[in-house]
Amino acid sequence: MERNIYIVRCGEVALKGMNKPYFERMLVERIRKVLKKHQGIEIRREDGLIVVRTVKDIPGDTVIGEISKVFGVDSISPAIEVESDMEAIEEAAIVFMQKQIEEKGIRTFKVEAKRADKSFPVQSPDIARRVGAKVLIACKVLKVDVHQPECRLHVHVRRERSFLFEQKVSALGGLPLGTNGKGLVLLSGGIDSPVAAFLMAKRGMYIEAVHFHSYPYTSERAWDKVKDLARVLTQYCGNIKIHSINLLPIQEQIVQHCPEEEMTILVRRFMMKIAERVAAETGSLMLITGENLGQVASQTAEALVVTDAATSLPVMRPLIGMDKVEIMDLARKIGTYDIAILPYEDCCTVFLPKHPKTKPKLSAILESESRLDADGLIEKALENKETVMIRPV
Ligand code: ATP
Ligand code: MG
């Protein structure tokens, strides 16, 4: 049966020492998962490459699009497979280049050869030269350009079968999902936290999420928006469980007993404490937020110190040093931006103080907290937690 072939190159996985087989196995596992919905997929590790073979009728763009969202993949090339024999390679190269001329109007090219099988009788520079010469004879419109060719024809000679390919589609890099434990992201409906989750998942971390709302002040639509954001993330992060927690009773207590300007920082500390409890229940090793130095009042250096002190878990803030425009660009690339900018209310906007404290002092905040039954409030909030599992569509 005729098949389409894709060569998948690993990024950093290839640099791993002793653990390389483990990382490769995890990567193959992820590719298998994202392609699971198609029939007749074959994925194998061959000569240090991952080779995916599909039945002909699955469009190349679909397969490449799906594989390029797998963390740990550096690039993908649709390829042609031929017998490892000079004549067969030359013939295939001619057909390949004729197609390039017809479909893309290519006029200049260069052949680059690599010999994975050192017992192959022709050396790499000679393979390139001989294939190039045959192509020139067969395709009169072509010229060789070794510096800036319109088409680089790669010939990758291996023991039994060799590959020819041209295009290299860049993927995301990173490390395969599941190679770095699990993190719990505090997922709002905003631009930042989905990007933060994406960046941690890119380093191999499974993602689980906690979302805080102030129902009925926040609407069902705001909650749908959070689920939609998570659904976009599942393309990269796999299934995401979201724990949804109502903060309203806590916010009401703060309003009654604490200074108005401390509202935001007090709420943030409660979020951290509740998230820490959820993390313990779910086996999450660390918390992840979309906080960013200086972006808003609750993210000044002083505020971050006071927020941090609420939990003993490490809090990962992968966006800490990024500018808003950089974060927005990344959100667009991931596909979360258009959803994130929908103008639904967030729990933090419900009791937004007019003048939030930008330089809170931990001692003063602890004093305010002591007026509340923090443990009881946290316990209650957790009792009413709802959990949904978001899966890729
Ligand atoms: P985002 O764009 O992610 O909403 P932001 O710039 O609006 O971030 P804040 O509202 O101060 O900033 O929130 C900072 C971080 O706190 C968020 O990135 C997120 O990790 C967490 N957070 C804020 N609100 C919520 C919420 N309702 N549920 C869960 N986490 C939240
Ligand atoms: Mg927000």
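In listed order, ligands and their atoms are each counted from 1.
- Listed by number with element, the atoms of ligand 1 under 4.0 Å from a non-hydrogen atom of Ser298 are 11 (O).
- No N or O atom of Val210 sits closer than 3.5 Å to an N or O atom of ligand 1.
- In terms of polar-atom proximity, defined here as any N/O pair under 3.5 Å, Ser188 does make such a contact with ligand 1.
- The shortest N or O to N or O distance between Ile191 and ligand 1 is under 3.5 Å.
- Taking the ring centroids of Phe71 and Phe198, they lie under the 6.0 Å cut-off.
- Atoms of ligand 1 found under 4.0 Å from any heavy atom of His211 (numbered from 1 in listed order, with element): 27 (N), 28 (N), 29 (C).
- Some N or O of Leu186 is nearer than 3.5 Å to an N or O of ligand 1, by distance alone.
- Of the inter-residue distances, the one linking Lys227 atom NZ with Thr234 atom OG1 reads 14.0 Å to the nearest 0.5 angstrom.
- The shortest N or O to N or O distance between Gly290 and ligand 1 is below 3.5 Å.
- Per-residue contacts place Asp192 under 4.0 angstrom from the following atoms of ligand 1 (heavy atoms of the residue considered): 1 (P), 2 (O), 3 (O), 5 (P), 6 (O), 8 (O).
- Looking at Glu291, its side chain never comes within 3.5 Å of a backbone N or O of Ile320 through a donor-acceptor pair.
- Atoms CZ and OG1, on Arg231 and Thr336 in that order, are 14.0 Å from each other to the nearest 0.5 Å.
- Partner Ile240 forms a side-chain contact (heavy atoms from CB on, under 4.5 Å) with one of Val388, Leu233, Leu187 and no other, that one being Leu233.
- Below 4.0 Å from some heavy atom of Ser193 lie the following atoms of ligand 1, by number and element: 3 (O), 18 (O), 19 (C), 20 (O).
- With Arg268, Glu291, His243 as candidates, the residue nearest to atom 13 (O) of ligand 1 on a non-hydrogen basis is Arg268.
- In the model, His243 has a side-chain atom that pairs as donor or acceptor with a side-chain atom of Glu208 under 3.5 Å.
- Atom CD1 in Ile67 sits 8.5 Å away from atom OG1 in Thr54 (nearest 0.5 Å).
- The atoms of ligand 1 that sit less than 4.0 Å from any heavy atom of Thr289 are 20 (O).
- For ligand 1 and Gln299, the ligand atoms under 4.0 Å from any heavy atom of the residue are 9 (P), 11 (O), 12 (O), 13 (O), 14 (C).
- In this view, Lys273 and Glu369 satisfy the salt bridge (charged side-chain N to carboxylate O under 4.0 Å, His left out) rule, not counting sequence neighbours.
- The part of Leu187 lying near ligand 1 is the backbone, judged by heavy-atom distances below 4.0 Å.
- Under the salt bridge (charged side-chain N to carboxylate O under 4.0 Å, His left out) criterion, Lys354 pairs with no residue at all, not counting sequence neighbours.
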